[in-house]
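Here is the structure we will look at.
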Amino acid sequence: MTRPDVLMLAPMLPATMDKLDEAFTVHRIWEASDPDAALREVAPRIRGIALSTSSPRRADTALFDLLPNLEIISGFGVGYDNVDAREAGERGVIVTNTPDVLNDEVADLAIGLLIATLRQIPQSDRYLRAGRWLEKPFPLSATLRERKIGIIGLGRIGKAIAQRLEGFGVHIAYHGRTRQDGVTYAYHPTLIGMAEAVDVLIAITPGGAGTRHLVNADVLRALGPQGVLINVARGSVVDERALIEALKSGTILTAGLDVFDDEPRVPQELIDMDHVVLLPHVASASVHTRNGMGQLLVDNLTSWFAGKGPVTPVPETPWKK
Ligand code: NAP
Ligand code: 8YV
């Protein structure tokens, strides 16, 4: 039996690439001296894409037009804002992502980032290494005690974050487009209303047009001068310019950011601020969890080409037998 041809636009973990090689004819387009020409050459044979979130190109109309026999896009990551899933659905192309296998890892990191930001853990580490403890103790920090936390997006990961926060004895609220059944946290139908009621916002929604600049200047003003923003969602969810202004002017206290508008480029103004904590999009980045995500990406392709349907299709491209 011929092995289905699968396109890769950027590298993935070696273990994931080995598994793809075992089952498919994999075209590593970035390795070609002229990737565009290489893509045009293999395009008619391509039936699947193994899509890395670090892919230099989006899976959208321009790419779909090149691939007349495309059946499935298997994405690495639960977020799929790098795919035009609606357009894929209209063309009968299935899109899959990697939900759930990363909930705990991302939630752990979100809590770590929250505490690191409030208690200035990276700053105190830098202080000790610079020999400054010999001169005087590190200044006292802000606290998580008596904080009210508002989660923007109480989905799979948002719930895992909330569960962990319960152990910290803080007040938990959430905002989303719909009230969730079976949770006792305070629901806020508007984000501005929640920002007024809490003093920490944790963003964990999808990216894309529907959430673009959800956290804007008005929301940051409502959060207030003791306010803390933690963003583990997507850079696009926050108006980065408004955030920089709010941090500079003291409109909010501080921020912990794992994601940025134009990754891996981070505005110098943020880098120059000592009171913020900045991470290079690492929320799911443990060997354990990234391997789990890679396995699910491979499982989606394997199951599809075995005629058993996708394992985790996204809502825009539901599996109908
Ligand atoms: P999920 O289960 O689909 O949850 C998404 C939540 O966002 C839902 O509760 C949804 O509630 C809410 N939401 C969607 N659109 C919204 C809007 N316009 N306004 C307010 N809330 C909205 O997804 P998940 O698995 O938890 O993942 C969430 C996201 O986290 C991913 O899409 C990705 O962007 C991000 N993520 C980041 C990392 C990282 O490395 N930093 C890792 C994993 C995931 P309603 O439908 O009720 O609005
Ligand atoms: C990505 C993420 O997988 O799952 C997501 O949506 O943002 C991460 O877990 C990461 O960007 C991989 O490079």
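Counting convention: from 1, in listed order, for ligands and their atoms alike.
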Starting from [atom], locate the nearest protein heavy atom and write down its residue, its atom name and how far away it is, to 0.1 Å.
atom                    : result
atom 9 (O) of ligand 2  : S284 OG, 2.6 Å
atom 18 (N) of ligand 1 : G210 O, 3.3 Å
atom 4 (O) of ligand 2  : V78 N, 2.8 Å
atom 30 (O) of ligand 1 : I204 CD1, 3.2 Å
atom 9 (O) of ligand 1  : G155 N, 3.1 Å
atom 34 (O) of ligand 1 : T205 O, 3.2 Å
atom 13 (O) of ligand 2 : T53 OG1, 2.7 Å
atom 42 (C) of ligand 1 : V106 CG2, 3.5 Å
atom 10 (C) of ligand 1 : R177 NH2, 4.5 Å
atom 12 (C) of ligand 1 : G153 CA, 3.7 Å
atom 1 (P) of ligand 1  : R156 NH2, 3.7 Å

Against heavy atoms of [X], which atoms of ligand 2 measure under 4.0 Å?
X    : result
R234 : 2 (C), 5 (C), 6 (O), 7 (O)
R290 : 10 (C), 12 (C)
G79  : 4 (O), 5 (C), 6 (O)
M293 : 3 (O), 9 (O)

Using a 4.0 Å cutoff against the non-hydrogen atoms of [X], which atoms of ligand 1 qualify?
X    : value
V259 : 41 (N)
T178 : 45 (P), 47 (O)
V232 : 35 (C), 36 (N), 37 (C), 38 (C), 39 (C), 41 (N)
H175 : 20 (C)

Practice item. Could you tell me if any non-hydrogen atom of P99 lies under 4.0 Å from any atom of ligand 1? Key: no
**Study point:** ligand 1 to N103 polar contact by distance, N or O atoms, under 3.5 Å
**Key:** no
Heavy-atom distances under 4.0 Å decide this one: backbone, side chain, both or neither, for [X] against ligand 1?
X    : answer
R234 : side chain
L214 : side chain
P206 : both
L154 : backbone
I157 : both
L109 : neither

Check your understanding: For the residue pair T98 and F76, what are the closest heavy atoms and their distance?
Key -> OG1-C, 4.2 Å
Check your understanding: With backbone taken as N, CA, C and O and side chain as the heavy atoms from C-beta onward, which portion of L102 lies under 4.0 Å from ligand 2: side chain, backbone, both, or neither?
Key -> side chain
Review point. Quick one: do F305 and L7 end up in the same hydrophobic cluster if we chain Ile, Leu, Val, Met, Phe, Trp and Tyr together by side-chain heavy atoms under 4.5 Å apart?
Key: no
